Structure formats: C-alpha cells, structure tokens
2 protein chains.
Amino acid sequence: VRPSFEEQERLRSVARKVVSRIEELAGSEDVECEPILVGSAARGTWLSGDHDLDVFIGVFEGSSLLPALEIARRIAPKFEERYAEHAYVHAIFEGFELDLVPCYLVEDASRILSAVDRTPFHNRYVSSRIKGLEDDVLLLKQFMKGIGVYGSELKVGGFSGYLAELLVIRYGSFLGVLEKAALWRPGEVIDLAGHSSQDHEDPLVVVDPVDPGRNVAAALTLDRMFQFVAASRLFLKVPDLEFFFPNPILPLSDKELCEQFAKRKSTLIMLEFAAPDLVEDVVFPQLRKAEQSVRALLDRNGFSVLRSDADWHRAVPSEMGEREMGGSGDCGVIRMLFELEVASLPRVERRVGPPVWEAEHAKKFVSSHPEPLSGPYVEDGRLVVEVARKFVEASELLRSQVSSLSLGRHLGPELRRGYKIYVDQEILKIGDLEFRAFMARYFSAREWV
Amino acid sequence: VRPSFEEQERLRSVARKVVSRIEELAGSEDVECEPILVGSAARGTWLSGDHDLDVFIGVFEGSSLLPALEIARRIAPKFEERYAEHAYVHAIFEGFELDLVPCYLVEDASRILSAVDRTPFHNRYVSSRIKGLEDDVLLLKQFMKGIGVYGSELKVGGFSGYLAELLVIRYGSFLGVLEKAALWRPGEVIDLAGHSSQDHEDPLVVVDPVDPGRNVAAALTLDRMFQFVAASRLFLKVPDLEFFFPNPILPLSDKELCEQFAKRKSTLIMLEFAAPDLVEDVVFPQLRKAEQSVRALLDRNGFSVLRSDADWHRAVPSEMGEREMGGSGDCGVIRMLFELEVASLPRVERRVGPPVWEAEHAKKFVSSHPEPLSGPYVEDGRLVVEVARKFVEASELLRSQVSSLSLGRHLGPELRRGYKIYVDQEILKIGDLEFRAFMARYFSAREWV
C-alpha cells in the first residue's frame, strides 16, 4: 500500500506544477492568494494507486473568492465546476483527479466562513504529528477499505482519511487503533486536544482538535462503526491479508441466481427506474429514504420485509471520470430490492377500532364498516371487524401505491416518469454485471464479524 | 319471560316439598339444621322455563356439615355428589335441577367459613329490596342471555343472576341499568352500601353489600362487560325483541363452509382431541390457556394468527342432565380453531443476535451459526444472520411441537394420548352439527355493537 519512490516523485512533481501555475497566474493577474497542497498527498498518507490531488487557493478574509476561482478555471484544459458550500473546480490533470478549492485564510479554525476553510488547519495539525506514522495510516486506511467502511461520503457513511489519521495519532499505531476499537461502545468519545465543548448524539465522537464544536466522525453510521469494531477483533485474533484485499465479489450467473432463489424460497421484488443526473452525495440519502418508504408501505400492509437493499447502477461501466466530465445523459438506473417474508395474504383482514367506551369513535367505526366479513366484535375492550383486503399480493400493492409515496425530491419525479417491477424469476432478465455483483453481495451479506 | 301462575305454583309446591322432606329427616335423625330456599326461585326472579332449585341446609357454627350432607343424599332417589369448596348434592327432582348445599349459619357475612355461607345473606339482601322490580330483573337477565353475556361460570365470564339483581336495585329499572351501562368505562365502581374497603383490578367492581371486601363482578371479563355496554347503547337507540331472543345460529352446510373459505382465503387449522371427564368450570380455563399456548407457538414462529376459538363438543347432543348423571365415558371432544394470516413462510429466516459491543455474546452468536445462508452482518448495531428455517408450514410446526406445549393439567395428557389436525378442506370431514354451529358463530362473530 506504500507508494514506490517513483510514484511519490511523480505525485510531488505534478503537485509542484499545479502550485507554480497558480502562483504564476496570481502574479500575472495581480491576485493576492496562496496555493496550499492539502489532503493525503500533502501528508504522505496516500495509498499507492490513488490519484487524488487537493490544492486549496487561500485568499484573505474580506476579499472575494472569485479571482481565486478564475485562476482555478485556468489550470487544466478540461474541467468542470462543482458546488459544495461554494464553487470549486474539478479537473483531470496529467492522470490525477485534481480538486482546486478557493478558501479563506482565517486566523483560527473557530472563525471559518465555510467548511473548506478548516482544511488547511487539519493539514497543519496532522502534518506536524504524523511523521513516522505514515505506514500505520496506510495500513489502517487499506484495512478500512478492505472491510468496506472507508469513506465519509453519504453512500458509505464510513471513516474519512482525516479520521483515520487522527486515530493513528491518538493510539500510536495501526494495531493500537484496532486494539482500542475492539472495546468501543456506542457514544465513545475521543478528544485529542482535551477541549470538547459540546455534546454529540453520534455513535462515535472524535472532537476535532482544530475546532472543539465539531465531531470528525459525524458521518460515521452506527453499523459502519461496529463493522470496524467486529473486524478489528477478528483481525487481532486471526490476522489475514484478506482483510486488506478481500476476494472480489463475482457477478452471479443465471444458474447461481436460481440456486439462491431455491435455497431461500422467499419472494424478491425489484423496483427499477432511471437515475437522476446528480452527484452521489445527493442521490444516496434520497435512495435510502425511498427504500425505507417502500419498506414501510409493505410492512404497514402486512407484507413483512426480510431485508432490502438499493443501489445505483451505471448500466455501462464508465471509465474513471468519464461520466463526471459530462456524459451521455444516460445516468444509469436506480434499483431497489425487497425480499419478502410474506408476499401474499388472505383476503380477510382484521381492522382494530377504538375502545367501546369511546362512544362517538365506536359509532363511527361501526358505521364505516357496514358489511364486514366478520364482526363487529369486542376484543380486549376494542371493536374489531374483519373485512376484505384490497391488495392480497405485495406486487399488486406496490404497482398501485409506489408512485404516491414520498421518495425524495429528485427520485420521486424520476420514478413517476416510469418504472419497472420484477418479481422472482423475472429478475433473471437483468444481465447487467454491476447488478449481478450487487445480487452476489446481497445474498452473501457476509461482513468481517 | 315472566313465569305463568301455574309455573309459579308448580315451583313453589316442589320447593315446599323439598323443604319439608329436609325438616322431616332432620326431625327423625335429630339433626339441628335449617333448610333455606335461595336463588332466583326464592326471590321470584327466575325466568320462565328455568328449572333450577337451590336449597341450602344451614347448620350452626362449630357443628359438622356431615349430617346435613347425609340428609341431602336422601332427598332424591337419583343424585350425584359434587365438590366446590366442599361437597354438595346435585339431583333431578320432579323435573327440576336441584342443588342441596350444606352451609354454616354465621352471624354476619364477613365471618363466613366458605363461599356458600354467603348465599343466605345475598338472599336476604335481595329479597327485602326486590319487591316490584322482579319484571325488570327478568328483562335484564333475558337481555343478557340474548346478547350472550349472562352467566358467571368460567365458560362465559359474564354477569351472574345476583349481579343483575343488584344492578336493578341500584338503578331502579331495566332501562335505568342500560342507560347507566351505556356510559361505563373500565374500572367502573358501584358500591350499593357505600362501604367499599378494598381496591380491585377488575374491569367492573360491584362491591358486595353483604361483604365489603368482595367484588360481585369478579368473574366478568372486560369483553363481556363491553359487549353489554355496546348492546345497551344500541338497544336504547333501536329497541328490538331480537336482543332478547336472537335468531338461532344454524349449522353450516358443506356448501356454506366452502363459501366462507372462498371469501376469506385464509388458512384454517383445527386441532381435535378427546375431552376429559370434568366439569366445565375446570375445563374451560384450561381450554383458553391451551388456545393461547398454541397461538403463541404459531406467532412466535412467524405464523401470524388472525383469530382463534375453542370449544367442547359433546359429539352426541345429550338430554338435560344425562351426561352429568354419569355417562358413557365418552365426554366428547375439544376443538381448537386457528385462522392464519400467514400459513407458510420462506425457507430463509432472520436471526437477530446481540449488539456487537457485547463481545462475548457476539462471539457465541457467530460461532453458533457456522454456515448461515447470509451474514453475519451488522444491523442497528446488532449481529444478524439468515439461516434455513426448520418449519415452513404452520401445520408442520404444530404436528411437531403441539404435544410439548403447556396445555393445562388435564388437557395436556388428553392431547398427548392422541389428536387430529385438520387443514382447510379437511375440516369438511366433520359433520357434527354442534361443530357446524360453532363454525357459523366463528365466521359471523357478530355482536350487538
């Protein structure tokens, strides 16, 4: 995982080139600004094979960010503008994914104007403490990658690189981190600078040493945290290279899919619709929310869901950066899978009404069910009727109701433009390898515990 | 519902005959005792057609009950001894069901030695207050009979005759009782003598005017209470003779049974085994308990029960008293019916384990599921595996597990001697009219609400 001398030299030379181009342009345009190499590249903690460069362009408080953005636009011939709290430039530059981010140079991290202004402080904090621990950071990052908990983006909800670095600084080594993590409980607090000033509700709280009000682990979900905990315990007992480099998940063949169906004898329902043209950090939270809405619809109607999953498949696997650089307009498809414990129900359905002693409610309940199959009768003091159920098949219910669910600001409209539902064997029609690998992961669901 | 003059004369003459036979025998045997006519016959509150006579034989405190029991044994040529708190005699005497009950004559009802000693006090309390209200009592009793809430025996869990009388005394008339009942809530307290001395948890508390620590309505269940409440409201709005004399429930034909199956499309499972040779007050509590045990087994294993019922069918409808007088040894059958919302499940089953942070439990959980279909994975901080379910059909589960359930002291052994399970169409094999009427009541389940 450690970059070779050649790889290190190549990255440093590209970084130097970017920094000097910024300085040149700043000089010729008479813009007062300072290029700062940040992120793992700046700290010597990038994993071999990574091609990310983060260069911030700092301007003084009170001045405008626009001239810095203008300079960013002129570094690479091919680029696109992206927006977080404000605009920045993403470019492919000599084989590297280069982010050029204008920011303010503030006096201390508690006075930042935007989240990006904090980054140079992170850079300084880590750089001054990480010497000699770089290999431990690399091991920890690769371990986290291997077990699927690396990355603070919303799709993953895992550990950021900065968080991994802080853990190594705090516990002194890769193994030191794993030993401590093995004992973590929800609500664990790690406070490197000993200056925590705020209560957080997060499962793991790592107080930012440069900003006491901020939790560095805010994006980490409970489940990713405890996947890491479980894997740490297991690795300490039986270390194995496979934690770092797991066997790749292979797409399932038709035969393998059928074998899984036969083993489980459950009902699988797949919902598919076009993905919107948006970044993952916007799509994935909506995707999770939509998945939960559909689950709730099914559960509410008696169709008990065993498990579900959702993903975004690009249909044609794209080369790095191709899609991001403005694609074909085809953004792939959203797929949501629901595995049902109960996929069909009898026609008769219980409706539990108010207690008899709520006379007005009781009267209304009885008159709103004029011809029940059974009842009304009194059970545990409440009125009960048995009536004919509207939907006896989960797929019927879904077809009738899914478009009226709340599925998120962008996913809702996409679904309403058209969707497909596949039940059991119909799922075999989808040959897309990305989907077949998704099914393999779904059926295995094996984590390092 | 009011007995004719002839019916009244006939009952009085039989009662006189019993009382004088007791007095004669007491004289000739030199036993100091006092025959007391109690119950509805003594108070003029028996329903036309009822043939019950309760005669108590009181002896003084300190003496033995045995001579009184000996006298009781010599009143009717054909009798049997029964046991409540102590022995008494049940006989058929000139067409009446005659109970002859030895009891102690105590000074006041708080000093009783056995529950039966209280009865003469009830008799005195009611007799001195019921004059002119007899017809209201008869209406109330017949109303309660008609809607199915009359009788304090455990099979019914409804209102006793004494309770009906107290309600009429308290509220002045049949309609007065219904008007008050329409407003009842759980925990209602009625204290005629204004001397309540104890808290009760029962849904309705009617403090016994002759014994402040006792709740006359202790046997009344929440559901019977609120069936009465709901029916009272309905009757006050739309009075109808049908409340008192409902149309009889007719046994279902094969065709009608099949129609019900087709309408409901649920799965019905019937469990049948021989009934023990015991009285209803012993059998019915066990029957309810057994029904709940089986329901819990089904629910616990994912086979969701929509509704269930249980009953005791005598197979051959017996003439009044025939069975009680010592029968053929065939006591009929117990039948339990379970209607399932979910009767089959997929092979795959979720098993939710301990939270990851309980390291020891987590380790044990993982090692006790060595080859799951899916997982182990972390969900909401807990370990989850998906394994192969043992029973995918409710009937399979029942056949395998029912005999190891706790089904009550007498029903358990009976079931273990042999049972039958009928599923859906197999139920048509049972032609027994008592069972077919039970099915009719089950499917209708209509109460006066």
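On a predicted model such as this, the values are computed, not experimentally measured, just so you know. Every chain is numbered from 1, with letters handed out A, B, ... down the list of sequences.
Side-chain contact between A/R264 and B/E349: absent, with no pair of heavy atoms (C-beta onward) separated by less than 4.5 Å. For the pair A/V348 and B/K265, the minimum side-chain heavy-atom distance is 4.5 Å or more. Contact of the A/V356 side chain with the B/R233 side chain is registered, since non-hydrogen atoms from C-beta on lie closer than 4.5 Å.
Both the backbone and the side chain of A/R350 come within contact range of chain B, judged by heavy atoms closer than 4.5 Å. Only the side chain of A/R307 comes within less than 4.5 Å of a heavy atom in chain B; its backbone stays farther off. With a 4.5 Å cut-off on non-hydrogen atoms, A/L234 does not touch chain B at all. Using a 4.5 Å cut-off between heavy atoms, A/L383 touches chain B through its side chain atoms alone. Neither the backbone nor the side chain of A/R382 comes within contact range of chain B, judged by heavy atoms closer than 4.5 Å. Using a 4.5 Å cut-off between heavy atoms, A/V449 contacts chain B through both its backbone and its side chain. Contacts between A/S266 and chain B at a heavy-atom distance below 4.5 Å involve backbone atoms as well as side-chain atoms.
With A/S374 contributing its side chain and B/F443 its backbone, the two residues share a donor-acceptor pair below 3.5 Å. For A/E447 (side chain) and B/G375 (main-chain N/O), no donor-acceptor pair under 3.5 Å exists by modelled atom type.
Between B/E339 and A/E386, the shortest heavy-atom distance links the atoms OE1-OE1, 4.5 Å. Across every non-hydrogen atom of B/W184 and A/W357, the tightest pair is O-CB, 3.7 Å. In terms of heavy atoms, B/P346 sits closest to A/E341 at CD-O, 3.0 Å.
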